[in-house]
Amino acid sequence: MNIRIPPADEQLAILERGTVDLHPKEELKKRLAESHEHQKPLRIKTGFDPTAPDLHLGHTVLIEKMAQFQRLGHEVTFLIGDYTALIGDPTGRNAMRPPLSEEQIQVNAKTYTDQVFKILDRDRTIIEWNSKWLGKLSFQEVIKLAARYNVARMLERRDFKDRFESNTQIAIHELLYPLMQAYDSVALVPDVELGGHDQIFNLNAGRHIMEQYGQRPQCVLTVGLLVGLDGRDKMSKSKGNHVGITEPAEVMYEKILNLPDETMWTWFPLLTDRSPDPASTPALEAKKALAQTLVARFHGEAAAAEVRAWSEAGRPAKNDERTKNTKLAAIMVELQLAGSMNEARQKIKQGGVHVDEQRVTDIAFTFPSGAAFELRVGKAKPRRLKVEAE
RNA sequence: GGAGGGAUACCCAAGCGGCCAAAGGGACCAGACUGUAAAUCUGGCGCAUUUAUGCUUCGAAGGUUCGAAUCCUUCUCCCUCCA
């Protein structure tokens with residue numbers, strides 16, 4: 001299937017959305033114009049460290065950008081950094097990163113390819129592994145590559161600089177990381193390399209090295225980093241402030257609805273093609289729309305509409321669950337609505353526990369066998385339960 | 001190699017023989033207020049029990065003592081300065 005590549009200005013308008021850095025802009029414009037004129041796709045490269053076990057919305061910002069290129073008719077390469085993972089990019093860290101085992105890399109890479117096609121067009125995506133060329137380099141070739149860069153420039157990179165100045169160790173092989181990533185570009189000869197904005201240094205190293213190897217240097221495009229649910233840090237699974245793209249529709253919807261308002265506005269340009277004006281748009285409405293849009297992206301329009309209706313109806317409990325406990329506090333512990341009996345009693349005392357939307361304050365509250373009811377603790381969604389004591 | 005400092009609950013951090021289940025802050029949970037947001041206020045935040053009591057905690061193991069997070073011994077791990 002062939003997609004007609006639109007004029008450069010039209011393309012640029014789309015590509016600049018959610019983009020932090022794009023340079024050299026004139027060069028990219030020129031190549032986009034050429035691609036339109038000859039209807040010849042540009043080669044787009046994006047590298048992924050196979051470190052994250054699951055994709056979350058933060059990753060999708062970049063993947064969406066790739067998808068935009070695809071929709072404009074370009075050729076996208078999804079590069080799995082299986083060889084670079086042997087080093088582990090220390091970007092943004094103030095310490096070395098422990099290398100991954102080969103098995104772990106395989107598992108993570110599989111997770112990526114399983115999930116990434118929720119967004120990318122599988123038929124129009126080229127998957128590459130950088131072990132294919134990096135694994136073949138001789139020591140001599142590595143030296144030749146290393147000779148094309150210098151330490152002073154390498155130390156311009158923020159995390160290296162910080163570590164150098166604070167006398168924290170920097171292993172020599174870490175300095176090789178940006179060069180390896182740059183060499184990926186020599187191997188693939190992309191027109192554009194995409195990355196998160198924290199990758200800007202590595203992407204520029206790619207430009208430099210390509211030039212050194214007599215190639216036309218790639219253009220560089222970085223996207224903004226998505227702030228996580230806490231409204232503070234970059235979204236990451238280890239911080240627990242993420243929305244996984246395989247999470248159930250309801251969970252996703254609720255997480256997004258619980259976003260701090262300020263954070264929500266920053267999500268629009270990065271994740272959608274709209275940017276409502278905070279001054280004139282009611283925040284709650286905007287947030288619901290955002291949640292619905294994102295749920296629809298991963299679960300379909302129908303599911304998204306359904307979740308929204310469910311949420312607006314007060315999130316009625318859906319499934320029946322069974323328990324052998326008769327004591328309210330014990331049931332809460334069983335359902336992990338409380339971490340311990342003490343905590344359960346505490347919540348009951350504080351009025352956070354509702355049975356059939358009636359507040360229960362008796363910490364010894366016990367259900368008769370056979371009772372069926374709806375239990376809600378705090379802001380969590382209610383659960384429908386049936387007591388089946390012997 | 002030499003000198004010194006530290007390890008306290010999820011994180012930071014006080015305590016330095018009894019009044020310590022352990023101050024304070026953050027995070028987190030519940031309530032009020034709200035929009036299932038933010039801000040603010042209130043309560044909670046080791047475990048168990050119908051709440052007052054018991055049990056287990058202060059890097060690890062021993063010891064001194066009526067009594068230890070606090071004193072002593074050994075061990076483990078961190079950090080700073082000098083060479």
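Labels below follow one simple rule: chain letters A, B, ... track the order of the sequence lines, proteins then strands, and each chain is numbered from 1.
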Paired with [N]: which nucleotide, if any, by Watson-Crick or G-U wobble criteria at under 3.5 Å for both distances?
N     : value
B:A32 : B:U40
B:C81 : B:G2
B:C45 : none
B:U56 : none

- Query: Choosing from B:C29, B:A48, B:G43, which nucleotide comes nearest the side chain of A:Q346?
  - Reply: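 Taking heavy atoms from C-beta onward, the closest nucleotide is B:G43.
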
In whole angstrom, give the distance that lies between atom [atom1] of [X] and atom [atom2] of [N].
X      : N     : atom1 : atom2 : value
A:I348 : B:A30 : CD1   : P     : 14 Å
A:L328 : B:U49 : CG    : P     : 13 Å
A:H354 : B:A30 : NE2   : P     : 11 Å
A:Q350 : B:C33 : CD    : P     : 15 Å
A:I363 : B:A30 : CD1   : C1'   : 15 Å
A:N241 : B:A27 : CG    : C1'   : 13 Å
A:N342 : B:A9  : CG    : P     : 20 Å
A:E262 : B:A37 : CD    : C1'   : 8 Å

Presence of [X] side-chain N/O under 4.0 Å of [N] phosphate oxygens OP1/OP2:
X      : N     : result
A:S340 : B:A48 : yes
A:K327 : B:U50 : yes
A:R345 : B:G44 : no
A:K379 : B:G31 : no

Euclidean distance for [atom1], [N] against [M] (whole angstrom):
N     : M     : atom1 : answer
B:G25 : B:U8  : C1'   : 15 Å
B:C58 : B:A23 : P     : 16 Å
B:G6  : B:G17 : P     : 15 Å
B:G54 : B:A38 : P     : 41 Å
B:A69 : B:A22 : P     : 13 Å
B:C55 : B:C20 : C1'   : 16 Å
B:U65 : B:U70 : P     : 16 Å
B:A27 : B:G18 : P     : 33 Å

We want to know whether [X] and [Y] form a side-chain donor-acceptor pair, criterion being a heavy-atom distance below 3.5 angstrom.
X      : Y      : answer
A:R345 : A:N342 : yes
A:E254 : A:S311 : no
A:H23  : A:N204 : yes
A:R232 : A:N241 : no
A:K349 : A:T361 : no

- Just checking A:R359: base, sugar-phosphate only, or nothing, at a heavy-atom cut-off of under 4.0 Å?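 It contacts sugar-phosphate atoms only.
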
- Pick base, sugar-phosphate or nothing for A:S311, based on heavy-atom distances below 4.0 Å to the nucleic acid.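 Answer is base: heavy atoms of A:S311 come under 4.0 Å of a base.
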
- Give me the residues of residues 265-302 of chain A where at least one heavy atom lies under 4.0 Å from an atom of RNA chain B, by number, or none. A:A283, A:L284, A:K287

- Any donor-acceptor pair under 3.5 Å between the side chain of A:D261 and the base of B:G35?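 Between B:G35 and A:D261, which were checked side chain against base, a qualifying N/O pair under 3.5 Å is present.
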
- Query: Would you say A:H74 and A:I5 make side-chain contact, with heavy atoms under 4.5 Å?
  - Reply: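 Side chain of A:H74 against side chain of A:I5, heavy atoms only: contact under 4.5 Å found.
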
- Message: For A:N258 and A:E343, find the nucleotide of RNA chain B closest to each by heavy atoms; which residue's nucleotide sits nearer the 5' end?
- Response: A:E343

- Item | 5' priority, RNA chain B, between A:R376 and A:G339 [closest heavy atom] |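 Going by which nucleotide is closer to the 5' end, it is A:R376.
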
- Check step by step if side-chain contact (heavy atoms from CB on, under 4.5 Å) holds for A:F373 and A:Q358. CA-CA 11 Å; A:F373 58 94; A:Q358 295 284 307; over 6 Å; no

- Query: Do side-chain atoms of A:D230 reach the backbone of A:D233 as a donor and acceptor pair under 3.5 angstrom?
  - Reply: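 The answer is yes, because a donor-acceptor pair under 3.5 Å joins these two groups.
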
- Message: Any carboxylate oxygen within less than 4.0 angstrom of a Lys/Arg side-chain nitrogen, looking at A:K324 and A:E334?
- Response: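 Salt bridge: no.
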
